[in-house]
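Worksheet: the structure to be examined is printed underneath.
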Amino acid sequence: MSGYDRVVQPAAGDEALENHLGGDEARNYRQYEFDMVSPHVGKSMLEIGSGLGHFAEQFLPRLDRLVVSDFDPYCVERLGERFAGRDDIDVLQFGLPTEIPLKDKVDTVVMMNVLEHIEDDVEALRSLARVTLPDGRIIIWVPGYMQLYGDFDRKVGHVTRYTPATLGKTVTEAGLRIEVLKPINFLGGIAWWLAVRRGGVGYPDPRLVKIYDRTVVPATRLIERLIRPPFGQTVFCVARVV
């Protein structure tokens with residue numbers, strides 16, 4: 001399938017989805033993701049790398065149209081089952097960069113922890129821009145800072161981790177106009193560095209994720225309401241299609 005050869009990521013399964021921390025142990029983090037993204041979402045949305053569809057499903061009450069997608073056949077099959085019988089929801093399978101098989105353009109594209117898997121990230125964003133309405137938004141959530149790159153990143157197929165500068169360069173080269181670009185999840189970045197780079201953790205322990213979710217995430221949200229953090233575990237970008 002077009003684009004697959006330029007995507008670096010292992011096959012997914014119920015216990016191997018990396019896009020969003022799942023289960024009850026990460027309830028606060030999932031809400032944090034939604035609250036960061038939702039103010040920028042319009043009435044029609046394409047999500048890239050939808051996994052099992054948990055994140056996209058949250059937007060349904062505010063959308064007229066939803067398109068979920070993944071390049072992994074397992075995820076596409078699960079998405080088809082999850083949204084079966086919904087005329088307002090389409091399920092697509094493709095890998096970026098490619099000509100996306102979307103008949104009608106959307107006003108919002110959301111990609112959560114996807115761009116870092118794609119070697120030709122500039123062309124991937126150009127592919128998305130072609131199916132986004134003029135002045136529509138492309139929302140990008142990526143892992144931040146190569147200082148945090150470790151075994152986990154290698155195992156899940158991360159080509160890179162971004163800074164605001166490197167992500168901004170990619171977005172600009174793709175012909176998009178930056179509206180929001182900032183590091184987020186400041187305390188999470190520190191916790192990740194201690195666990196992965198200093199502690200040698202190869203994959204997040206569910207018990208530690210639960211503690212992190214109950215303590216670090218609420219503290220991070222409070223801090224970020226007061227100050228702009230100098231770095232973070234994540235870089236968040238909202239770009240407009242010119």
Side-chain angles (χ1 to χ4, degrees), residues 1-7 9 19-20 33-34 36-73 75-80 82-142 167-181 235-242:
M1 185 165 293
S2 179
Y4 273 42
D5 58 329
R6 298 162 118 181
V7 180
Q9 184 174 335
N19 275 14
H20 315 290
E33 288 182 312
F34 179 79
M36 288 293 299
V37 171
S38 60
H40 307 284
V41 174
K43 289 295 185 180
S44 57
M45 184 180 106
L46 164 64
E47 187 188 27
I48 305 299
S50 299
L52 302 182
H54 299 94
F55 189 68
E57 190 172 53
Q58 299 175 93
F59 294 90
L60 283 176
R62 61 189 297 164
L63 294 173
D64 295 329
R65 177 174 166 237
L66 171 64
V67 183
V68 291
S69 69
D70 212 286
F71 74 91
D72 189 288
C75 292
V76 173
E77 184 177 352
R78 299 288 84 77
L79 290 169
R82 188 184 197 97
F83 298 117
R86 293 289 301 259
D87 294 336
D88 57 337
I89 303 175
D90 293 319
V91 178
L92 299 179
Q93 181 177 7
F94 60 85
L96 291 170
T98 191
E99 291 296 324
I100 299 172
L102 194 62
K103 183 174 67 173
D104 297 315
K105 293 184 177 184
V106 295
D107 61 35
T108 310
V109 174
V110 174
M111 53 190 328
M112 305 291 290
N113 294 323
V114 173
L115 194 64
E116 69 275 10
H117 293 279
I118 302 171
E119 292 175 352
D120 194 347
D121 51 2
V122 172
E123 191 56 40
L125 291 179
R126 289 175 180 156
S127 296
L128 297 177
R130 288 193 289 269
V131 296
T132 307
L133 292 166
D135 206 37
R137 293 184 174 100
I138 297 177
I139 301 167
I140 306 164
W141 181 292
V142 289
L167 183 57
K169 182 174 182 291
T170 296
V171 168
T172 301
E173 286 185 8
L176 305 175
R177 175 169 56 86
I178 295 171
E179 189 172 79
V180 177
L181 178 60
V235 177
F236 179 67
C237 178
V238 180
R240 289 274 191 176
V241 175
V242 179

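When a residue number appears, it is its place in the shown sequence, counting from 1. A quick note: this is a predicted structure, and the numbers were derived from the prediction, not measured.
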Item to complete: For the pair I100 and T98, evaluate side chain to side chain contact (heavy atoms under 4.5 Å, CB included) and give the outcome as yes or no after the intermediate values.
Response: CA-CA 6 Å; I100 299 172; T98 191; 4.3 Å; yes
Worksheet item: What do the steps show when you test I48 against L96 for side chain to side chain contact (heavy atoms under 4.5 Å, CB included), and what is the final call?
Response: CA-CA 9 Å; I48 305 299; L96 291 170; 3.8 Å; yes
Worksheet item: Which is it for V122 and V171 under the side chain to side chain contact (heavy atoms under 4.5 Å, CB included) test, yes or no, and what are the steps along the way?
Response: CA-CA 7 Å; V122 172; V171 168; over 6 Å; no
Item to complete: May I have the step-by-step check of side chain to side chain contact (heavy atoms under 4.5 Å, CB included) for L167 and I140, ending in yes or no?
Response: CA-CA 9 Å; L167 183 57; I140 306 164; 4.3 Å; yes
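Counting heavy atoms from C-beta on, the side chains of M45 and V106 never come closer than 4.5 Å. V109 places none of its side-chain heavy atoms less than 4.5 Å from the side chain of V241. L176 places a side-chain heavy atom less than 4.5 Å from the side chain of I138. Side-chain contact check for P134 versus V242: every heavy-atom pair is 4.5 Å or farther apart. Side-chain contact between I89 and L60: present, with at least one pair of heavy atoms (C-beta onward) separated by less than 4.5 Å. With a 4.5 Å cut-off on side-chain heavy atoms, V238 and V37 do not count as touching. Here the side chains of P97 and I118 are in contact, with some heavy-atom distance below 4.5 Å.
Interatomic distance, CG of L133 versus OG of S44, reported as 6.0 Å (0.5 Å rounding). Atom OG1 of T172 sits about 10.5 Å away from atom CG of L125, to the nearest 0.5 Å. In this structure, SG on C237 lies 10.0 Å from NE2 on H40, to the nearest 0.5 angstrom. From L79, atom CG reaches atom CG of L52 across 7.0 Å, with rounding to the nearest 0.5 Å. Distance NZ/K105 to CG/L46: 13.0 Å, rounded to 0.5 Å. Atom CG in D88 sits 8.5 Å away from atom CG in L63 (nearest 0.5 Å).
Listed by chain and number, the residues in a side-chain hydrogen bond (donor to acceptor under 3.5 Å, both in side chains) with T108 amount to none (sequence neighbours excluded). Partners of T132 by side-chain hydrogen bond (donor to acceptor under 3.5 Å, both in side chains), not counting sequence neighbours: none found. The salt bridge (charged side-chain N to carboxylate O under 4.0 Å, His left out) test applied to K43 returns no partner, not counting sequence neighbours. Residues passing the side-chain hydrogen bond (donor to acceptor under 3.5 Å, both in side chains) test with E173, sequence neighbours excluded: K169. R130 meets the side-chain contact (heavy atoms from CB on, under 4.5 Å) test with E99, E123, R126, S127; sequence neighbours excluded. Here F59 pairs with F34, F55 under the ring pair (Phe, Tyr, Trp, His ring centres under 6.0 Å) rule; sequence neighbours left out.
What you find for L181 and G168 is that their closest heavy atoms are CD2-CA, 3.7 Å. Nearest heavy-atom pair across D107 and G42 is OD1-CA, 3.4 Å. Summarising the geometry of E33 relative to M112, their closest heavy-atom pair is OE2-CE, 3.7 Å, with the distance given to 0.1 Å. Heavy atoms only, all atoms of each residue included: F94 and P101 are closest at CD2-CD, 4.0 Å. Listed here is the closest heavy atom pair of S50 and D70: N-OD2, 3.4 Å. A56 approaches E47 most closely through the heavy-atom pair CB-OE1, 3.2 Å.
For residues 56-66, the set of pairs meeting the side chain to side chain donor-acceptor pair (under 3.5 Å) definition, not counting sequence neighbours, comprises E57-R82.
Relative ring orientation between W141 and F236 is described as perpendicular, the plane-to-plane angle rising above 60° on a 0-90° scale split at 30° and 60°.
With R240 contributing its side chain and D135 its backbone, the two residues share a donor-acceptor pair below 3.5 Å.
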